[in-house]
Amino acid sequence: MAKATMTFPPDFRWGTATAAYQVEGNNTNSDWYLWEQEEGRILEGDKSGLASDWWQNAEADLDAAAAMGNNAHRLSLEWSRIEPEPSVFDNDALARYRRILQAMHDRGIEPMVTLHHFSNPIWLTEKGDFNSRLVVDYFQRFTAKVVETLGDLIPKWVTINEPMVYVVIRYLVGSFPAPQQMGLAAAVQATRNLLRCHAAAYQTIKARYPQAEVGVAKNTPILLPKSNNFLGRWWVKRANWVYNEVWWEMLVDGRFRWPFGRGQVEGLAGSFDFIGVNYYTRLYLKFPPRGKLWEDDWGPDAVVSDGNYGEVYPQGLFQAIKAVLKYDKPIYITENGLPDKDDRLRPSFLITHLREIWRAISFCYPVMGYYHWSLVDNFEWDRGWTQRFGLIELNTETQERKLRQSGQLYGEICRSGSISSDMAQRYAPELIKTLFPGESPLAKS
Ligand code: IFM
């Protein structure tokens with residue numbers, strides 16, 4: 001009997017994603033570096049150190065990505081490395097990024113470049129970072145430099161990574177490097193300036209490279225009420241608007257309204273060519289929230305990843321895709337993954353989440369690519385090295401690598417552009433009964 005196969009379009013982007021601070025190592029001019037030195041900021045006192053040593057040898061992991069059949073990778077540029085002092089640009093750093101981008105092209109890997117992924121130059125935080133309007137000119141100047149020196153190698157751009165995560169964790173929760181001001185007013189101001197930065201970067205890139213595709217990678221959790229009553233549902237609807245929806249609405253019409261405040265943002269209307277969806281999990285919200293933004297007991301039946309990071313909920317990816325269809329833009333899954341040191345869940349996670357994308361594509365939803373978070377274990381911000389997201393396992397002491405089983409599976413998927421029941425049988429046999437019922441050993445032939 002022919003094996004059942006879910007086939008993806010031939011031009012589908014099969015990728016992985018990383019961020020500069022998390023993989024490069026020794027980013028000593030970043031606000032995260034200072035934060036790491038403070039006691040109690042990073043779980044178990046971990047330090048990023050050499051991280052995954054990309055500054056010296058990104059090429060080794062790019063070789064592994066190419067061997068896996070990847071044709072795309074999302075990486076970020078470290079602003080604090082490129083511009084360690086205001087308007088002083090490091091040409092050696094730019095040259096190194098050029099070599100990394102070229103190495104990707106040489107391996108048939110299309111770069112998607114993120115300009116801001118959580119980390120800032122220390123000098124920027126001293127000037128008030130995203131609370132200060134000055135940041136817009138600084139970010140525009142940084143973007144212009146990148147466009148001028150590296151733009152010819154960058155077909156796809158993400159201006160800002162997970163703006164709402166950044167605002168909530170940095171300005172309200174406080175487990176990211178503390179800005180000079182925290183609290184709601186600071187968060188609103190930072191959001192407005194992030195939008196201005198995005199708009200300035202979008203216009204700067206497009207002025208020089210009109211064909212470049214520019215978007216934002218937006219973290220998109222599925223939000224549900226802890227108690228399914230009127231107030232619970234009302235609260236989730238509000239939270240969903242504030243956290244998930246209004247960002248894209250503001251990019252459509254250019255009008256600021258997060259979660260209140262008014263006014264047009266220059267250059268913002270229509271400033272996105274694609275939607276980047278970062279999807280990890282679903283979250284339950286309680287009303288009233290009582291100091292906790294979301295609940296972290298996922299329920300007795302939930303499958304939960306390492307460190308109670310989140311529930312494995314593949315259907316949420318389909319829901320997240322569906323929620324952004326109304327913007328009528330190409331969609332990239334710019335991040336999706338889980339911390340799973342022993343690779344206990346990742347093989348089935350990959351199959352079940354990619355199946356949701358396959359389902360979306362079969363409904364003609366415009367999902368153009370998938371960037372798994374992450375290619376290699378990397379420094380997971382305030383959770384340090386305690387959470388391992390890589391398809392490649394990293395020994396931080398020796399920098400030795402080992403492809404996890406899930407990496408082998410992802411390789412088979414990327415190289416064939418498909419998921420077959422045979423792969424499920426070998427890597428996640430527990431899925432056969434539900435995903436390929438006709439091929440269960442118990443089914444009659
Ligand atoms: O590691 C992070 C990444 O920097 C942003 N999105 C979520 C990932 C996993 O937590």
Flag the pair Arg81 and Asp90 as a salt bridge only when some basic side-chain nitrogen lies within less than 4.0 angstrom of an acidic carboxylate oxygen.
no
To the closest 0.5 Å, what do you measure between CE (Met68) and CG (Leu62)?
10.5 Å
4.5 Å side-chain heavy-atom contact, Asn26 and Leu50
yes
Say whether, by atom type as modelled, one donor and one acceptor occur between the side chain of Asp296 and the main chain of Trp294 under 3.5 angstrom.
no
Sidechain-backbone polar pair: Gln387 side chain, Phe379 backbone, donor-acceptor under 3.5 Å:
no
Counting only heavy atoms not in Glu430, do more than 12 sit closer than 6.0 Å to its CD atom?
yes
Would Val252 and Phe272 count as a side chain to side chain contact (heavy atoms under 4.5 Å, CB included) here? Give the steps.
CA-CA 8 Å; Val252 169; Phe272 62 123; 3.9 Å; yes
If you count every heavy atom of other residues, nucleotides or ligands that lies below 6.0 Å from Gln211 atom CD, does the total exceed 12?
no
With distance as the sole test, does Ser374 use its side chain to make a donor-acceptor pair with the main-chain N or O of Ala17 at under 3.5 Å?
yes
Does any part of the side chain of Leu251, heavy atoms only, come nearer than 4.5 Å to the side chain of Leu268, both counted from C-beta?
yes
Give the intermediate values and the outcome of ring-ring contact (aromatic ring centres under 6.0 Å, His included) for residues Trp123 and Tyr138.
CA-CA 11 Å; Trp123 60 261; Tyr138 295 141; 5.2 Å; yes
Taking the six-membered ring for Trp, are Trp381 and Trp32 parallel (under 30°), tilted (30 to 60°) or perpendicular (over 60°)?
tilted
Residues Asn219 and Tyr280: side-chain donor-acceptor under 3.5 angstrom
no
What distance do Arg404 atom CZ and Arg388 atom CZ have between them, rounded to the nearest 0.5 Å?
7.0 Å
We want to know whether Thr143 and Thr204 form a side-chain donor-acceptor pair, criterion being a heavy-atom distance below 3.5 angstrom.
no
Less than 6.0 angstrom separating the ring centers of Phe118 and Phe176, yes or no?
yes
Is there a donor in the side chain of His372 and an acceptor in the side chain of Thr16, or the other way round, less than 3.5 Å apart?
no
Salt bridge or not between Lys47 and Glu36? Use side-chain N to carboxylate O under 4.0 Å.
no
Residues, nucleotides or ligands: over 12 heavy atoms within 6.0 Å of Gln319 CD:
yes
Assess, by modelled atom type and distance only, whether the side chains of Asn308 and Trp298 contain a donor and an acceptor separated by less than 3.5 Å.
yes
Would Gln189 and Gln181 count as a side chain to side chain contact (heavy atoms under 4.5 Å, CB included) here? Give the steps.
CA-CA 10 Å; Gln189 185 58 12; Gln181 299 164 39; over 6 Å; no
His73 and its ring-ring contact (aromatic ring centres under 6.0 Å, His included) partner, picked from Trp54, Tyr370, Tyr371
Trp54
Look up atom CG in Asn131 and atom OG1 in Thr125, then write down how far apart they are to the nearest 0.5 Å.
11.5 Å
Side chain to side chain donor-acceptor pair (under 3.5 Å) assessment of Tyr279 paired with Glu356:
CA-CA 12 Å; Tyr279 172 75; Glu356 295 301 316; over 6 Å; no
Salt bridge between Asp152 and Arg98, side-chain N to carboxylate O under 4.0 Å?
yes
Lys206, NZ atom: more than 12 neighbouring heavy atoms under 6.0 Å:
yes
Distance from Ile122 atom CD1 to Leu34 atom CG, nearest 0.5 Å?
3.5 Å
Show your reasoning for whether side chain to side chain donor-acceptor pair (under 3.5 Å) applies to Asp343 and Gln405.
CA-CA 7 Å; Asp343 220 30; Gln405 278 282 307; over 6 Å; no
Mind checking whether Phe349 and His353 have parallel, tilted or perpendicular rings, split at 30° and 60°?
parallel
Tell me yes or no: between the side chains of Asp129 and Tyr171, is some donor less than 3.5 Å from an acceptor?
yes
With distance as the sole test, does Asn244 use its side chain to make a donor-acceptor pair with the main-chain N or O of Pro221 at under 3.5 Å?
yes
Short N-O contact, Arg96 and Glu59, less than 4.0 angstrom:
yes
Is the ring pair Trp14/Phe8 parallel, tilted or perpendicular, if the boundaries are 30 and 60 degrees?
perpendicular
Under a 4.0 Å threshold between the charged nitrogen and the carboxylate oxygen, would Glu110 count as salt-bridged to Arg13?
yes
State, yes or no, whether a side-chain contact exists between Ile413 and Tyr427 at a heavy-atom distance under 4.5 Å.
no
Trace of the salt bridge (Lys or Arg N to Asp or Glu O under 4.0 Å) decision for Asp63 with Arg401:
CA-CA 12 Å; Asp63 281 342; Arg401 274 116 166 109; over 6 Å; no
Applying side chain to side chain contact (heavy atoms under 4.5 Å, CB included) to Gln399 and Asn57, what does each step give before you reach the verdict?
CA-CA 10 Å; Gln399 286 293 326; Asn57 197 9; over 6 Å; no
Quick one, Val265 with Met250, criterion side chain to side chain contact (heavy atoms under 4.5 Å, CB included). Give me CA distance, side-chain angles, the key distance, then yes/no.
CA-CA 9 Å; Val265 173; Met250 294 189 287; over 6 Å; no
Has Arg355 got a side-chain atom pairing as donor or acceptor with Ile351's backbone, closer than 3.5 angstrom?
no
For Arg133, look at atom CZ and say whether over 12 heavy atoms of other residues, nucleotides or ligands are found less than 6.0 Å away.
no
Quick one: does any side-chain atom of Glu393 pair with a main-chain N or O of Asp377 as donor and acceptor, under 3.5 Å?
no
Flag, side chain of Gln22 to backbone of Ser48, donor-acceptor distance under 3.5 Å:
no
Between Arg74 (side chain only) and Thr334 (backbone N and O only), is there a donor and an acceptor less than 3.5 Å apart?
yes
So does Asp422 pair up with Arg426, basic N to acidic O under 4.0 Å?
yes
May I ask you to check whether Glu249 and Trp241 show a side-chain donor-acceptor distance below 3.5 Å?
yes
Give a yes-or-no answer on whether the side chains of Thr386 and Glu44 include a donor-acceptor pair shorter than 3.5 Å.
no
Please say whether more than 12 non-hydrogen atoms of neighbouring residues, nucleotides or ligands are located less than 6.0 Å from CG in Asp328.
no
Under 3.5 Å, is there a donor-acceptor pair linking the side chains of Tyr202 and Asp273?
yes
Pick from Trp157, Phe89, Tyr97: which one makes a side chain to side chain contact (heavy atoms under 4.5 Å, CB included) with Val146?
Trp157
For Asp340, does its backbone N or O pair with a side-chain atom of Ser305 as donor and acceptor, under 3.5 Å?
no
Between NZ on residue Lys218 and CH2 on residue Trp247, distance to nearest 0.5 Å
8.5 Å
Rounded to the nearest 0.5 Å, what separates atom CZ in Phe12 from atom OG in Ser418?
12.0 Å
Assess whether atom OH of Tyr365 is packed by more than 12 heavy atoms of other residues, nucleotides or ligands within 6.0 Å.
yes
Side-chain donor/acceptor of Tyr21 to backbone N/O of Tyr33, under 3.5 Å
yes
